[in-house]
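Below is one structure, written out as structure tokens, with a few remarks after it.
Just so you know, residue 1 is the first one in the sequence shown, and it goes up from there. What's counted below: heavy atoms across the whole structure, side chains too, no hydrogens, waters or symmetry copies.
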Amino acid sequence: MFPYLTVLGRTVPVYAVCGVAGVLLGWLYTVLRGARLGLDRDDCCFLYLYGVIGMLAGAQLLYALVNLPAMAADMALLLRDPVRFLRAYVFGGLVFYGGLCGALAGAALYARRYRLRLAGFLPAAVPAVPLAHAFGRVGCFMAGCCYGVPAPPPWGLYFDASPVAPHGTALLPVQLYEAAGDLAIFAVLTRYAARTGRPVRVLALYLILYAVLRFALERLRYDAYRGIIGPLSVSGWISVGLAAAGLALWRQAKAAAPAQ
């Protein structure tokens with residue numbers, strides 16, 4: 001675990017470096033796969049860019065919503081130090097599910113604005129999501145956020161250099177488990193997208209596979225600040241809904257297959 005780099009005398013969060021690397025690799029994959037599918041390169045680039053902008057907006061919005069109870073309890077800080085309040089509760093983190101919804105909305109907005117068929121871009125763009133996400137989760141591991149439950153070594157690791165994780169306790173590196181799962185999903189989607197004639201099913205398959213992965217890993221996480229509602233975390237509930245949406249989309253794509 002290595003939260004910071006020093007580059008030319010400046011301290012740079014490794015989380016940000018991993019995130020940028022993931023976004024760039026996802027962009028490269030989308031452009032190259034799009035070229036093989038006969039898609040316009042500029043459309044691939046700008047659709048991906050719209051998706052990234054939507055991802056950032058959605059990830060921060062859901063982070064703020066998850067932290068609404070804490071925000072309400074700390075309104076005195078808003079009056080005393082607004083900048084610190086916004087950094088803590090609005091811009092203090094990113095929630096992937098919000099980013100996923102925002103990315104889909106951004107890509108759909110671009111397709112609608114320029115009258116493109118979004119489904120045609122799904123085989124190129126959807127596999128890029130778990131690829132980029134895997135690098136983001138490595139960044140989480142390096143920063144020590146999104147940590148797992150206490151576990152004895154060698155299964156658990158100490159995140160004592162992290163500004164986020166508790167010190168002196170060995171924690172399960174669940175971030176790396178998710179990164180490995182994302183890479184496996186990327187491989188499955190890449191193979192499936194090259195073989196299927198139903199591009200919408202590529203998105204449906206991703207929603208199902210990631211929802212199952214995330215639901216399983218939520219049970220191993222230990223960072224309660226992500227929000228808990230009843231027996232599940234916020235992301236756990238979203239996983240259930242996302243799996244149902246993926247199954248419905250899969251069935252719909254099957255019914256609409258002759259028209260695609």
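For residues 133-143, the set of pairs meeting the salt bridge (Lys or Arg N to Asp or Glu O under 4.0 Å) definition, not counting sequence neighbours, comprises R137-E178.
Residue A119 comes nearest to P199 through the heavy atom pair O-CB, 3.1 Å, listed as atom of the first residue, atom of the second, then distance. Smallest separation of non-hydrogen atoms from A204 and G246: CB-O, 3.4 Å. What you find for C44 and L39 is that their closest heavy atoms are SG-CB, 3.8 Å. Here the closest non-hydrogen pair linking P123 and G120 is CD-O, 3.6 Å. Residues A253 and R201 approach most closely at CB-CG, 3.5 Å, considering heavy atoms.
Think of L24 as one node in a network of Ile, Leu, Val, Met, Phe, Trp and Tyr side chains linked at under 4.5 Å; its network also takes in V20.
A continuous path of hydrophobic side-chain contacts links F215 to L209 [ILVMFWY only; heavy atoms under 4.5 Å]. The cluster map of Ile, Leu, Val, Met, Phe, Trp and Tyr, joined by side-chain heavy atoms under 4.5 Å apart, puts L32 and L131 in different clusters. The hydrophobic clustering, which links ILVMFWY residues whose side-chain heavy atoms are closer than 4.5 Å, places F96 and Y48 apart. A chain of hydrophobic side-chain contacts below 4.5 Å, direct or via other Ile, Leu, Val, Met, Phe, Trp or Tyr residues, connects L37 to F121. With hydrophobic clusters built from ILVMFWY side chains whose heavy atoms lie under 4.5 angstrom apart, Y222 shares a cluster with V95.
Between the CG atom in L220 and the CD atom in E218 there is a gap of 9.5 Å [rounded to 0.5 Å]. A distance of 7.5 Å separates CG of L5 from CE of M142, quoted to the nearest 0.5 Å. Put simply, SG on C140 and CG on L176 are 10.0 Å apart, with the number rounded to the nearest 0.5 Å. The line from CG of L232 to CZ of R219 is 5.0 Å long, rounded to the nearest 0.5 Å. Taken from CG in L203 to CG in L122, the straight-line distance is 5.5 Å, to the nearest 0.5 Å. Taking CG from L118 and CG from L109, the interatomic distance works out to 11.0 Å, rounded to the nearest 0.5 Å.
By the 30° and 60° cut-offs, the orientation of the rings of Y114 relative to Y110 is tilted.
Y15 is listed as a side-chain neighbour of L94, based on a closest heavy-atom distance under 4.5 Å. Put simply, the side chain of C45 reaches to within 4.5 Å of the side chain of V31, judged on heavy atoms. Taking the side chain as every heavy atom from C-beta outward, V14 and V138 never approach each other to under 4.5 Å. Contact check for R221 versus C146: side-chain heavy atoms found under the 4.5 Å cut-off.
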> Does the side chain to side chain contact (heavy atoms under 4.5 Å, CB included) test come out yes or no for L217 and Y177, once each step is laid out?
Replying inline: CA-CA 8 Å; L217 292 180; Y177 297 172; 4.1 Å; yes
>> For a side chain to side chain contact (heavy atoms under 4.5 Å, CB included) check, start with the C-alpha distance between Y147 and V174, then their side-chain angles and the critical distance, and finish with the verdict.
In response: CA-CA 6 Å; Y147 46 85; V174 70; 5.9 Å; no
> Run the side chain to side chain contact (heavy atoms under 4.5 Å, CB included) check on L100 and M55 step by step: do they pass?
Replying inline: CA-CA 6 Å; L100 176 61; M55 174 199 70; over 6 Å; no
Give the table of side-chain donor-acceptor pairs shorter than 3.5 Å for residues 156-172, with sequence neighbours excluded, one pair per line with atom names and distance.
unit_1	atom_1	unit_2	atom_2	d
D160	OD1	G168	N	2.7
S162	OG	A143	O	2.7
S162	OG	V164	N	3.0
S162	OG	A165	N	3.0
H167	ND1	D160	O	3.3
H167	NE2	D160	O	3.2
H167	NE2	S162	O	2.7

Side-chain atoms of residues 181-192: list all donor-acceptor pairs with protein atoms under 3.5 Å, sequence neighbours left out, distances to 0.1 Å.
unit_1	atom_1	unit_2	atom_2	d
D182	OD2	H133	ND1	3.1
T190	OG1	Y29	OH	3.1
T190	OG1	F186	O	2.9
Y192	OH	T196	OG1	3.4

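Applying the side-chain hydrogen bond (donor to acceptor under 3.5 Å, both in side chains) criterion to D40, with sequence neighbours excluded, gives no partner residue. By the side-chain hydrogen bond (donor to acceptor under 3.5 Å, both in side chains) test, T30 pairs with no residue at all, sequence neighbours left out.
Between the side chain of T6 and the backbone N or O of G9, no donor-acceptor pair lies under 3.5 Å. In this structure, Y4 contributes its side chain and V12 its backbone to no donor-acceptor pair below 3.5 Å.
Note: Y210 and Y97 meet the aromatic proximity criterion, with ring centroids under 6.0 Å apart.
A side-chain donor from one of R214 and S235 sits under 3.5 Å from a side-chain acceptor of the other.
Exactly one of L247, V202, V126, L242 qualifies for a side-chain contact (heavy atoms from CB on, under 4.5 Å) with L207. That residue is L242.
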